[in-house]
Amino acid sequence: LAELKNTLNLLIDRIRTAVEFATAIGQGQLELKYRDEFRDDVLAVAITDMQDKLRIAEERQRIINWANEGLAELGNHLHEESTDTEILGRKILQSIVSHVDLNQAALYLLNDKGDELHRVATYAYGKQRFEEHIVPAENGLIGQALKERDPIYIKEVPNNYTRITSGLGDATPGTVYIIPLEVRGEGVGVLELATFHEIEDYQKEFLLRACDTIAAAIRTRQMTEETKRLLEQTEEKAQTLSAQEEELRQNTEELVATQEEMQRQRSEMEETIQELKQQINLREKEIHSLTSTS
């Protein structure tokens, strides 16, 4: 009876532990540890397995929420009305650097000819840094990423990297991630990121999604600016043509007036000639009459 009582008490203790643990998990305490003496129980194994799955699901949801928040913040910056490329680039870099916990970043955009990458914004150590820099589209890791349309991830960065191909300042980062910006296979630019720690896979996935959004927004902005430029040129040409038409109209009116004046003067001259002819005829008649009388 004593052994039976001890067994029942132990069973009750096991069941009570399982119930309390399951209740705690249901309340969101997913980091709670199961009592060591009961961890091998069938019920304990099932509950801890459920705990692990819930923890994984919660972490997955946390990452999804984290990514969505970052993309939403980035989208707010991309839809601002500012047309200054440098200001837009700085806001993009600030948003990404702070959200992914990076240290440095640089944004390069491809020029109209497609042969040069122009650095339009940089961000390092919580401060904006900008020095005009142009990289040939075929040179360095930046050009390679753009040409091959594939990200480049470097975990062992050479000490002289930043002085040769990077716009990230003087310090040598521990990790560099270079991502091409493209829209439907057409290159737009390159995003260069650096940090002193490794970039996690879920962070890389977020950065790739963010770069797709950035590339689309920049390309749309470029097309809008090009459309505005063409519209301004068209309006300028239309104004020039209108001015030329007005000048031609005025010249035509002046020409018509000149022709009318010439016609009037010609008519007056013909009348004068007729009068002179009549006077000459009259004088001739008078002379002939005098001659006949003599």
Side-chain angles (χ1 to χ4, degrees), residues 70-97 105-123 128-152 165-167 178-193 207-255:
L71 293 174
E73 180 183 356
L74 179 63
N76 291 335
H77 292 309
L78 293 174
H79 288 89
E80 291 181 1
E81 294 298 328
S82 174
T83 57
D84 189 296
T85 304
E86 182 181 344
I87 294 177
L88 176 63
R90 185 181 70 236
K91 290 182 178 180
I92 289 173
L93 297 184
Q94 285 178 334
S95 176
I96 289 179
V97 167
L107 176 63
Y108 294 82
L109 295 182
L110 198 63
N111 66 349
D112 294 337
K113 295 181 180 179
D115 59 352
E116 292 179 341
L117 284 163
H118 291 241
R119 188 172 64 201
V120 298
T122 58
Y123 191 83
Q128 175 195 1
R129 300 183 59 180
F130 180 74
E131 296 176 2
E132 185 176 0
H133 185 58
I134 298 176
V135 178
E138 298 294 329
N139 286 14
L141 294 176
I142 297 174
Q144 178 183 341
L146 181 65
K147 180 180 180 180
E148 297 180 358
R149 297 163 54 186
D150 198 30
I152 297 176
T165 59
S166 173
I178 304 173
I179 309 174
L181 304 176
E182 59 178 8
V183 178
R184 293 188 292 274
E186 180 181 357
V188 175
V190 174
L191 183 65
E192 184 183 31
L193 308 168
L207 290 170
L208 293 176
R209 292 176 61 189
C211 284
D212 288 340
T213 302
I214 293 170
I218 290 177
R219 186 57 184 150
T220 300
R221 182 178 293 262
Q222 289 175 339
M223 294 176 63
T224 301
E225 292 176 353
E226 178 65 14
T227 301
K228 289 182 179 178
R229 187 181 65 82
L230 293 175
L231 179 60
E232 290 175 356
Q233 290 181 350
T234 302
E235 291 177 346
E236 183 178 350
K237 290 181 179 179
Q239 292 175 356
T240 301
L241 181 60
S242 177
Q244 292 176 347
E245 290 178 348
E246 177 63 20
E247 183 179 359
L248 179 60
R249 186 188 63 79
Q250 293 178 357
N251 291 339
T252 302
E253 291 178 353
E254 292 176 358
L255 180 60

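Only this structure's heavy atoms are used, side chains among them; waters, hydrogens and symmetry mates stay out.
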Taking every non-hydrogen atom, the tightest pair across His118 and Ile134:
CE1-CD1, 3.4 Å
With sequence neighbours left out, what residues match Glu246 under side chain to side chain contact (heavy atoms under 4.5 Å, CB included)?
Arg249, Gln250
Before giving the answer on side chain to side chain contact (heavy atoms under 4.5 Å, CB included), spell out for Val183 and Ile218 the whole-Å C-alpha distance, their side-chain angles and the decisive distance to 0.1 Å.
CA-CA 10 Å; Val183 178; Ile218 290 177; over 6 Å; no
For the residue pair Leu117 and Gly189, what are the closest heavy atoms and their distance?
CD2-CA, 4.1 Å
With a 4.5 Å limit on heavy-atom distance, are the side chains of Leu146 and Val188 in contact?
no
What closest approach, in Å, do Val97 and Ala105 show between heavy atoms, and which atom pair accounts for it?
CG2-CB, 3.6 Å
Interatomic distance, CZ@Arg90 vs CG@Leu107, rounded to 0.5 Å, equals 12.5 Å
Applying side chain to side chain contact (heavy atoms under 4.5 Å, CB included) to Thr220 and not counting sequence neighbours gives Thr224
Excluding sequence neighbours, so at least two apart, what forms side chain to side chain contact (heavy atoms under 4.5 Å, CB included) with Asp112?
none
Nearest 0.5 Å, please: how far is CG in Leu74 from NZ in Lys91?
12.5 Å
State the NE2-OG1 distance between His77 and Thr213, to the nearest 0.5 angstrom.
13.0 Å
One should read off an interatomic distance between Ile92 CD1 and Ile214 CD1, to the nearest 0.5 angstrom, of 5.0 Å
Nearest non-hydrogen partners of Ala121 and Gly89, listed with the distance
CB-C, 3.6 Å
Does Asn76 have any side chain to side chain contact (heavy atoms under 4.5 Å, CB included) partners at least two apart in sequence or in another chain, and if so, which?
none
Roughly how far, to the nearest 0.5 Å, is the CG atom of Leu110 from the CG atom of Asp115?
7.5 Å
Atom pair CZ (Arg221) and CG (Leu88), whose distance is rounded to the nearest 0.5 Å
4.5 Å
Side-chain polar contacts of residues 231-239 - donor-acceptor pairs under 3.5 angstrom, sequence neighbours left out - could you list them?
{"residue": "Thr234", "atom": "OG1", "partner": "Leu230", "partner atom": "O", "Å": "2.8"}

State, with a plain yes or no, whether a side-chain heavy atom of Leu93 is found less than 4.5 Å away from one of Leu191.
yes
For residues Ile178 and Ile142, report the shortest heavy-atom separation together with the two atoms involved.
CG2-CA, 4.3 Å
Begin with the C-alpha distance, continue with both residues' side-chain angles, and end with the deciding distance and a verdict on side chain to side chain contact (heavy atoms under 4.5 Å, CB included) for Glu186 and Arg219.
CA-CA 10 Å; Glu186 180 181 357; Arg219 186 57 184 150; 3.3 Å; yes
Taking all non-hydrogen atoms of both residues, which atom of Gly70 and which atom of Ser95 are closest, and how far apart?
O-OG, 4.5 Å
Not counting sequence neighbours, which residues clear salt bridge (Lys or Arg N to Asp or Glu O under 4.0 Å) with Glu226? List them please.
Arg229
